[in-house]
Amino acid sequence: MTFSKFHPSKQTYPLFLVLGLAACVRLLYLYLYQGLPDWDQLTIDNYYYHNWAQTIARGNIFGETTYFRAPFYTFVLAFFYALIEPSLWAARFLGLAIGLASVYMTFRLGEKLSSRTVGLIAAMIHAFYPAMLYFESELLADPLFVLLLQIAFFQILNWREKPSQKLLFLVSALFSLSALTRPTALLFLPLLATLVIRLSGTRRETLMNLAVLALAALLVIGPVTLRNRLVGDESVLIASQGGINFFIGNNETADGVSAFLPEPLGFNWQYADIAFFAEKTLGEKLSPGKVSDYWTDRAFQWIFENPFSFFKLTAKKLLLNFSNREIANNRVGEPKLAGIFLLTSNPLRFGLIFPFAVLGIVITYKDRRQARLLVLWWGLFIALGSLFFITSRFRLPLLPFYFIFAAIAIQAMFQSRFRLFGSHWKYAAAFILALATSWLPIKISAHSHVGLLQTTKGLFHYNRGEYQQALTYFSQTLQIDSTIPEANFNLGNVHFRLNNTDSARFYYERERRTNPLRGKSYINLASLSLIGGKTAEAKRIIEQALLLRPYDPIAQNIRLRIAAATEPVDSFMSITKDAIQDTDSNLQLINEAAAILTASQVLDFAREILDASLAVTPPPLENDFRMSEPDFFKIRSQFSIEKAKVYFQLGFISGRQGRFSDAVSYSRQAIAYDSLLSAAYVNLISGLVSTGENLMADSVLNESLRRFPNDSLLMEIKAQLRQ
């Protein structure tokens with residue numbers, strides 16, 4: 001990287017002071033943060049990156065299907081996790097390091113664009129700015145994206161001062177790395193090509209420069225595209241998330257700021273949901289890239305059919321880029337995390353910085369072509385971002401440049417002894433217009449975030465088994481708005497866990513009335529009816545649930561249990577086939593069906609579905625939205641437990657059919673998948689005895705008894721063998 005020589009001297013002491021203060025305030029922030037419950041309460045994106053990085057650090061480097069999210073930040077985090085033990089402290093220290101580097105780059109850019117004083121003022125603003133402090137510790141890709149773009153633009157300025165193909169290669173590589181962090185940075189590559197064409201001399205020089213630019217982009221982005229082709233078997237440049245994000249920002253219910261989808265998907269949609277709707281509409285199985293294409297087409301369809309609504313929504317999003325309001329995305333109240341005075345009492349606000357930044361742009365625009373270049377490129381970046389949806393973290397890349405231009409304005413005001421506004425009307429006009437724009441009272445959300453904070457906290461405690469705390473938060477949600485999707489459902493779940501069955505049913509029924517397109521309440525109501533012996537009622541309700549979510553394994557499992565009690569064997573077999581197909585061969589469902597079939601002496605069909613399930617693998621990591629949950633690795637380990645049950649049942653059926661060698665083989669594999677499955681040891685011992693391997697059977701029995709000294713079946717086998 002081409003940086004000018006930087007020797008310590010008295011001139012550098014102010015920079016060291018700024019960086020030292022930036023480090024201290026970040027360490028203090030982490031210290032205060034770790035004492036709050038919010039420290040452990042990650043949200044969807046945070047958990048996704050955290051869990052994905054751990055799988056990479058454990059060796060799953062190439063992944064399993066097309067990337068859903070851009071991968072570079074995750075690989076940086078995974079590298080950090082590989083060096084030290086994965087933890088939230090480790091991830092947040094990485095964010096701290098990225099933040100300090102970003103403060104330093106703000107100084108270097110300010111110095112390059114104007115002066116050392118401007119660089120120091122801008123870096124000082126950056127060091128204390130609340131949104132920067134907040135997001136650097138949130139396990140998100142955005143701070144790294146900011147840093148990469150800062151370095152890329154710094155190198156552009158170097159390249160314009162002293163053009164060279166080496167620098168051009170570096171600039172293109174940096175923008176490409178930025179695109180691997182957030183694909184919106186792809187916009188800068190054609191802009192860079194345009195700049196190269198304009199500034200290059202001869203035709204040969206232009207072609208050579210464009211070739212260098214393309215080569216760097218190919219070497220950085222190409223491996224990811226090739227990996228998507230080899231692993232995911234489709235041509236996706238970086239990630240397949242773009243289509244659904246584009247639709248989120250452009251549909252009949254879009255408000256420009258919320259990651260909400262039209263009902264019944266809402267805010268807590270998963271990949272399985274968006275894939276189901278796409279596949280149901282097109283009538284075929286779709287790859288992740290094709291799912292993304294479907295939602296892109298849906299967005300464009302809405303735009304073409306509603307041009308005025310699209311123009312109005314886009315204009316609103318453009319204005320929100322400059323709004324003083326901090327727009328939440330991952331956590332309600334961003335970036336005002338309750339209880340941390342560094343955020344709540346911090347006087348630095350966007351509405352204060354933005355007017356000074358606009359003033360700085362007006363001051364420098366005519367005389368500094370570097371400033372004009374940055375304003376043009378960032379204007380196009382804002383326009384592109386406004387085609388999706390706007391949140392506080394999506395405008396982070398702009399902030400260091402706002403800090404720099406604000407610092408230019410502040411320096412100019414001091415140099416003119418605060419007579420700047422009187423020197424020319426355009427300065428006062430620019431400042432007042434920017435101030436008014438930033439403080440416009442724009443209604444930002446048609447989808448209320450009210451109640452989401454309580455719901456998030458309630459789910460955190462519910463997942464930890466702290467039901468009374470969860471009950472408190474879910475009750476608060478209902479007090480705010482009793483029609484919020486899944487608010488009644490969550491409260492019903494808590495009451496069910498507390499054995500308040502009547503209360504649980506009441507809230508499930510209310511959820512079904514207030515949000516009839518949501519399938520979860522139907523599933524739980526059907527389960528309650530089945531427990532109560534009301535099979536006809538349970539069947540009617542679960543069929544309604546399956547109309548909404550046929551791919552839901554819990555709903556299908558309940559349908560199987562009802563069918564086992566009410567349908568003849570032939571009908572049960574047909575229902576089982578359909579359920580397995582609709583759930584993509586869910587192992588828990590298959591084990592449930594096989595157990596029912598075995599109990600009904602339908603051994604051949606039970607064996608058939610179990611044999612077919614041996615090839616089943618977990619959902620591809622990149623599209624497994626359970627990565628956004630705190631117990632992801634526990635969920636993944638459950639797959640091995642279910643696979644063990646498949647082998648156990650095959651071993652049991654083989655023994656019943658007199659295929660004792662197969663029974664031994666399957667039982668050994670069951671134990672290999674789950675060494676705590678005591679029934680598999682029983683099968684193994686029985687199979688060994690049946691094949692005449694009594695010594696081996698005795699050895700396995702002794703080992704089993706050491707593991708499970710109180711297992712009644714093992715004790716019974718021991719008594720039989722000793723007779």
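When all heavy atoms of L621 and M627 are compared, the pair lying nearest together is O-CE, 3.1 Å. The two residues W269 and A259 have their closest heavy-atom pair at NE1-O, 3.5 Å. Here the closest heavy-atom approach between residue G687 and residue V664 is recorded as C-CG2, 3.4 Å. What you find for I523 and A545 is that their closest heavy atoms are CG1-CB, 3.8 Å. For the pair A670 and A680, the tightest heavy-atom approach, listed with the atom from each and the gap, is CB-CB, 3.9 Å. Between A504 and G492, the shortest heavy-atom distance links the atoms CB-O, 3.4 Å.
Between Y73 and W52, the gap from one ring centroid to the other reaches at least 6.0 Å. In this structure, F489 has its ring center no closer than 6.0 Å to that of Y507. The six-membered or imidazole ring of F68 lies near that of F625, with a centre-to-centre distance under 6.0 Å.
Side-chain atoms of R497 and Y462, non-hydrogen and from C-beta on, do get closer than 4.5 Å to each other. Contact annotation: the side chain of Q241 never approaches that of W295 to less than 4.5 Å [non-hydrogen atoms, C-beta and beyond]. Between L96 and E136, every side-chain heavy-atom pair lies at or beyond the 4.5 Å cut-off. Inter-residue side-chain proximity for P264 and N515 is flagged as unmet; no heavy-atom pair is nearer than 4.5 Å. Between R512 and Y522 there is a side-chain heavy-atom pair separated by less than 4.5 Å. Looking at heavy atoms from C-beta onward, R549 lies out of side-chain contact with F276 at the 4.5 angstrom threshold. Contact annotation: the side chain of W89 approaches that of Q34 to within less than 4.5 Å [non-hydrogen atoms, C-beta and beyond]. Put simply, the side chain of N490 reaches to within 4.5 Å of the side chain of F474, judged on heavy atoms.
At most 12 heavy atoms of other shown residues, nucleotides or ligands fall within 6.0 angstrom of atom CG in L695. Applying the 6.0 Å contact sphere to CZ of F632 captures more than 12 heavy atoms from other residues, nucleotides or ligands.
A cation-pi arrangement is present between R227 and Y67, with the terminal nitrogen or guanidinium carbon under 6.0 Å from the aromatic centre and inside a 45° cone about the axis. In this structure, R707 forms no cation-pi arrangement with Y681, as its terminal cationic atom is not both closer than 6.0 Å to the ring centre and no more than 45° off the ring axis.
For the residue pair Q556 / T583, no side-chain donor-acceptor distance below 3.5 Å is found, with atom types taken as modelled. For the residue pair S529 and E537, a side-chain donor N or O sits within less than 3.5 Å of a side-chain acceptor on the partner.
With N46 contributing its side chain and E138 its backbone, the two residues share a donor-acceptor pair below 3.5 Å. With hydrogens and angles ignored, the 3.5 Å screen pairs no side-chain donor or acceptor of S613 with any backbone N or O of V616. Between the S292 side chain and the P288 main chain, no donor and acceptor come within less than 3.5 Å of each other. A donor-acceptor pair under 3.5 Å is formed between the side chain of N463 and the backbone N or O of L459. With D578 contributing its side chain and I575 its backbone, the two residues share no donor-acceptor pair below 3.5 Å.
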How far apart are the C-alpha atoms of E693 and T691, what are their side-chain angles, what is the distance that settles it, and do they pass the side chain to side chain donor-acceptor pair (under 3.5 Å) test? CA-CA 6 Å; E693 300 179 65; T691 56; 3.2 Å; yes

Could you go through the side chain to side chain contact (heavy atoms under 4.5 Å, CB included) check for L525 and R505 one step at a time? CA-CA 7 Å; L525 281 169; R505 182 181 290 277; 4.0 Å; yes

Salt bridge (Lys or Arg N to Asp or Glu O under 4.0 Å) for R559 and D552? Distances and angles first, verdict last. CA-CA 11 Å; R559 178 71 181 97; D552 192 303; over 6 Å; no

Should S686 and I717 be marked as a side chain to side chain contact (heavy atoms under 4.5 Å, CB included) after you check the CA-CA gap, both sets of side-chain angles, and the distance that decides it? CA-CA 8 Å; S686 299; I717 291 175; 4.3 Å; yes

Derivation of the side chain to side chain donor-acceptor pair (under 3.5 Å) call for T225 and N228: CA-CA 5 Å; T225 308; N228 284 337; 5.8 Å; no

Could you walk me through whether N524 and F496 pass side chain to side chain contact (heavy atoms under 4.5 Å, CB included), step by step? CA-CA 10 Å; N524 287 13; F496 181 79; over 6 Å; no

Show the numbers, then the answer: is there a side chain to side chain contact (heavy atoms under 4.5 Å, CB included) between Y48 and T74? CA-CA 9 Å; Y48 191 98; T74 311; over 6 Å; no

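A salt bridge links R69 with D45: the distance from a Lys NZ or Arg NE/NH1/NH2 to an Asp or Glu carboxylate oxygen falls below 4.0 Å. Under the 4.0 Å criterion applied to side-chain N and carboxylate O atoms, R518 and E486 are assigned as salt-bridge partners. In summary, K643 and D674 do not engage in a salt bridge, as defined by a charged side-chain N under 4.0 Å from a carboxylate O. Salt bridge annotation for K457-D38: present, with a cationic side-chain nitrogen under 4.0 angstrom from a carboxylate oxygen. A salt bridge links R607 with D662: at least one charged nitrogen is closer than 4.0 Å to a carboxylate oxygen.
A distance of 12.0 Å separates CG of L471 from CG of N493, quoted to the nearest 0.5 Å. L705 CG to L714 CG: the interatomic distance, rounded to the nearest 0.5 Å, is 5.5 Å. With rounding to the nearest 0.5 Å, the separation of CD1 in I542 from CD1 in I554 is 9.5 Å. Rounded to the nearest 0.5 angstrom, E567 CD and S574 OG are separated by 9.5 Å. Between E703 atom CD and S675 atom OG the span is 10.0 Å, to the nearest 0.5 Å. The structure places OG of S628 at 10.5 Å from CG of L42, a figure rounded to the nearest 0.5 Å.
Ring geometry, Y666 versus Y647: the interplanar angle falls from 30° to 60°, so the pair is classed tilted.
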Do any side-chain atoms of residues 586-604 form donor-acceptor pairs under 3.5 angstrom with protein atoms, and if so which ones, sequence neighbours left out?
from	atom 1	to	atom 2	distance (Å)
N586	OD1	Q588	N	3.2
N586	OD1	L589	N	3.0
N591	OD1	V646	N	3.3
N591	OD1	Q649	NE2	3.1
N591	ND2	L587	O	3.4
N591	ND2	E642	O	3.0
N591	ND2	E642	OE1	2.9
T598	OG1	A594	O	2.8
S600	OG	I596	O	3.1
Q601	OE1	R656	NH2	2.9
D604	OD1	Q657	NE2	3.1

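Under the side chain to side chain contact (heavy atoms under 4.5 Å, CB included) criterion, A487 pairs with T477, L478, I484, sequence neighbours left out.
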